[in-house]
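Residues take their numbers from the sequence shown, with the count starting at 1. FYI, side chains are in, hydrogens and waters are out, and symmetry mates aren't considered; it's all heavy atoms of this structure.
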Amino acid sequence: MFSSHAKISLKARTLSLVGGTLIACFLLLGVMIDVQVKEHFLHQDKEELNVVANSVKGILTSLSIAQDSHQLDTALSQAVVGHHGIFYALYSNDNHLIYSNKKSDLSQFLKQGAEERVEATALVVIEAQQRHLRGTLLEVTLPNGATGKLVVASEIDFHLAFLSKFHRTLWSTLLLVWLLTILAAWLAIRFGLRPLQRLSKDISEITTERLHLRLKPDLAPVELSELIASFNHMIGEVELGFKRLSHFSADIAHELRTPLTALAMQNEVLLGQGRSTEEYQELLYSNLEELERLTVMVNDMLWLAKSDNGLIEPKKQEIALNMEADKIIDYMSLLADEKNVSIIREGCAALIADRGMVQRALGNLIGNAVRHAEPGSEILIGIEQMPQATSIKVNNLGTPIPKQHINHLFDRFYKVEAARQREGSSTGLGLAIVKSIADIHGGSVTAESHDGKTCFTLILPKTSSANY
């Protein structure tokens with residue numbers, strides 16, 4: 001369910017993500033700033049060299065052939081007035097030096113191709129006489145009309161020193177900002193995870209002895225409200241299941257203890273002194289009756305356990321519900337006669353379901369009604385075919401069931417009161433089995449009791465869809 005990195009803390013993973021993202025952003029920002037600064041200096045040099053080159057070209061154009069070299073030197077020396085750190089040299093077409101403003105060796109620029117004007121892409125950097133120069137080679141026309149070469153260059157040592165200091169400052173600043181941002185993110189995450197730490201502490205206090213405890217959503221951030229609500233709902237279900245299991249275990253112990261104690265006492269009394277054959281047979285019949293009741297109870301418990309774990313697969317077939325009800329009524333007729341009650345069935349319907357389970361559910365509901373009906377009363381079984389489901393209602397007159405017990409009638413071994421205590425072969429699991437059968441078929445079962453009338457309603461889908 002979780003990846004192999006699940007052991008890495010949430011704080012570490014968040015900081016790694018934030019740190020990595022910031023590093024990528026700061027690297028991109030630093031590179032962009034560096035490129036822009038270098039582009040600025042490059043274009044600045046290009047513009048200045050272009051001004052100098054145009055000035056030199058203008059001077060060469062204004063000079064005549066008759067002027068000597070001294071006049072040429074004087075005129076060319078005026079080309080860089082107001083410009084500092086500018087180097088330029090004039091060469092003939094065969095690379096013979098005609099003039100150089102600072103007596104610097106700029107012959108390295110002669111290796112590149114001559115351009116008509118200064119272009120940023122044509123500027124190259126050389127090192128001459130412990131200076132770094134950026135310049136280019138241009139094609140010019142000499143006063144005698146011959147083609148010459150003009151080298152114009154700018155000293156960039158100041159630029160390089162500035163860029164070096166700028167790089168250190170820029171990357172140091174970005175590193176400091178990155179560290180401060182990581183620290184702020186760490187503090188924010190630490191503060192943001194406090195509700196989870198409190199939540200974990202509160203959860204650790206919930207034990208099997210303290211399942212009544214609940215998490216308080218009003219003390220947690222809004223983002224955790226849904227999680228807390230789901231957890232509280234789960235704990236409520238666990239508490240309810242734990243209580244049912246505890247009560248169920250106690251009921252099992254009680255239900256098994258009574259017949260086992262009776263069997264032990266009867267055998268002790270019988271063995272206390274000699275008995276006749278008839279007395280031994282009577283005791284054996286009594287023991288057999290108790291053992292059969294225990295067998296039925298154990299079988300019912302096993303069936304419910306299988307049902308709870310989804311191990312029962314209904315064998316669906318089309319059945320006539322009215323015919324199945326009539327069979328159960330015939331089977332219950334002797335018990336009904338003993339109780340002096342009559343059973344009447346009304347309506348008919350057909351559905352697709354497990355025949356054995358439907359018979360068992362009907363038998364449990366009708367048997368329950370017979371046991372608790374008033375003598376001389378009628379039990380009415382109403383079957384109704386609805387568009388998408390089938391309804392079976394079992395009505396009987398008898399002691400009313402208090403409202404606080406209605407919702408627990410389908411719990412296992414649940415007892416309402418002395419007047420409705422189990423009798424005969426009842427195991428206390430009949431109604432629980434009815435509910436389980438209804439759940440398996442995707443239906444429901446409910447009960448209501450008022451004015452001395454009790455009604456159990458079993459609803460099964462017309463075409464049942466099992467939940468398993």
Side-chain angles (χ1 to χ4, degrees), residues 244 247-252 254-256 258-259 289-308 312 314 321 324-325 327-336 338-339 341 343 345 353-374 379-381 391-402 405-441 443-449 454-460:
R244 286 177 177 175
H247 296 160
F248 185 54
S249 300
D251 290 337
I252 289 177
H254 175 74
E255 295 295 331
L256 294 178
T258 301
E289 183 179 349
E290 288 295 335
L291 290 173
E292 288 178 347
R293 181 173 178 273
L294 288 174
T295 300
V296 171
M297 182 186 301
V298 171
N299 288 336
D300 287 345
M301 291 166 55
L302 289 175
W303 192 92
L304 287 171
K306 289 181 179 180
S307 174
D308 291 341
I312 297 180
L321 199 55
E324 301 301 328
K327 293 178 182 178
I328 301 299
I329 293 173
D330 290 339
Y331 179 78
M332 294 285 180
S333 59
L334 292 177
L335 180 61
E338 290 180 5
K339 293 288 185 176
V341 297
I343 306 175
R345 189 265 304 165
D354 187 293
R355 185 186 302 274
M357 292 187 189
V358 171
Q359 289 177 344
R360 191 171 191 178
L362 290 175
N364 289 349
L365 290 176
I366 296 174
N368 180 76
V370 171
R371 283 191 296 273
H372 299 293
E374 290 184 352
I379 297 174
L380 177 62
I381 302 174
S391 170
I392 306 103
K393 294 181 179 291
V394 180
N395 300 270
N396 70 275
L397 297 176
T399 305
I401 304 172
H405 297 293
I406 291 293
N407 293 331
H408 299 286
L409 290 178
F410 302 99
D411 294 346
R412 299 164 193 185
F413 298 121
Y414 186 77
K415 299 177 181 179
V416 177
E417 55 187 67
R420 295 184 63 91
Q421 286 296 311
R422 291 186 292 278
E423 55 183 85
S425 60
S426 174
T427 63
L429 298 173
L431 294 179
I433 291 175
V434 173
K435 184 179 185 305
S436 181
I437 291 173
D439 292 339
I440 289 174
H441 287 82
S444 64
V445 60
T446 57
E448 54 182 334
S449 182
T454 300
C455 177
F456 286 86
T457 303
L458 174 63
I459 296 179
L460 298 174

S.K.: Going by the rule side chain to side chain contact (heavy atoms under 4.5 Å, CB included), which residues pair with A432 if we only count those two or more places apart in sequence or in a different chain?
M.R.: L304, R412
S.K.: Kindly compute the distance separating CG (L321) from CZ (R355), expressed to the nearest 0.5 Å.
M.R.: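 Between atom CG of L321 and atom CZ of R355 there are 10.5 Å.
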S.K.: Roughly how far, to the nearest 0.5 Å, is the NZ atom of K306 from the CD1 atom of I440?
M.R.: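 These two atoms lie 11.5 Å from each other.
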S.K.: Closest heavy-atom contact between N368 and F456?
M.R.: ND2-CE1, 3.6 Å
S.K.: What closest approach, in Å, do V445 and A438 show between heavy atoms, and which atom pair accounts for it?
M.R.: N-CB, 4.3 Å
S.K.: Between atom CD1 of I381 and atom CG of N396, what is the distance when rounded to the nearest 0.5 Å?
M.R.: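 Answer for the CD1-CG pair, I381 versus N396, is 10.5 Å.
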S.K.: Of all heavy-atom pairs between A447 and I406, which one has the smallest distance, and what is that distance?
M.R.: O-CG2, 3.3 Å
S.K.: If you compare all heavy atoms of S449 against all heavy atoms of P400, which two are closest, and at what distance to 0.1 Å?
M.R.: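 Nearest pair, atom of S449 first, then P400: OG-CA, 3.4 Å.
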S.K.: In the structure I gave you, are the side-chain heavy atoms of I343 and S333 within less than 4.5 Å of one another anywhere?
M.R.: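 Of all side-chain heavy-atom pairs linking S333 with I343, none is under 4.5 Å.
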S.K.: What distance do L460 atom CG and S391 atom OG have between them, rounded to the nearest 0.5 Å?
M.R.: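 Going from the CG atom of L460 to the OG atom of S391 covers 9.0 Å.
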S.K.: Within this structure, what is the CG-NE2 distance for the pair D411 and H405, rounded to the nearest 0.5 Å?
M.R.: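 Reported value, rounded in 0.5 Å steps: 12.0 Å.
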S.K.: If you round to the nearest 0.5 Å, how far is OG1 of T295 from CD of E290?
M.R.: 11.0 Å
S.K.: Using side-chain heavy atoms (C-beta onward) and a distance below 4.5 Å, is T454 in contact with H372?
M.R.: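 Contact flag for T454/H372 side chains = no.
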S.K.: Restricting to non-hydrogen atoms, name the atom on L429 and the atom on M301 that form the minimum distance, rounded to 0.1 Å.
M.R.: CD1-CG, 3.6 Å
S.K.: Can you list the residues that meet the side chain to side chain contact (heavy atoms under 4.5 Å, CB included) rule with N395, with sequence neighbours excluded?
M.R.: L380, K393, C455
S.K.: If only atom types and distance count, is the side chain of S436 paired as donor or acceptor with the main-chain N or O of I433 below 3.5 Å?
M.R.: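 Looks like no, no N/O pair under 3.5 Å.
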S.K.: Donor-acceptor pairs are to be reported for all side-chain atoms of residues 356-365 against protein atoms at under 3.5 Å, with residues two or more places apart or in another chain.
M.R.:
| residue | atom | partner | partner atom | Å |
| --- | --- | --- | --- | --- |
| Q359 | NE2 | E324 | OE1 | 2.6 |
| R360 | NH2 | D300 | OD1 | 2.5 |
| N364 | ND2 | G430 | O | 3.2 |

S.K.: Would you name the heavy atoms of I312 and S307 that are closest together and state the gap between them?
M.R.: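 The answer is CD1-N, 3.7 Å.
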S.K.: Answer yes or no: are there more than 12 heavy-atom neighbours, outside E374 itself, under 6.0 Å from its atom CD?
M.R.: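 Buried by this count: over 12 neighbours within 6.0 Å.
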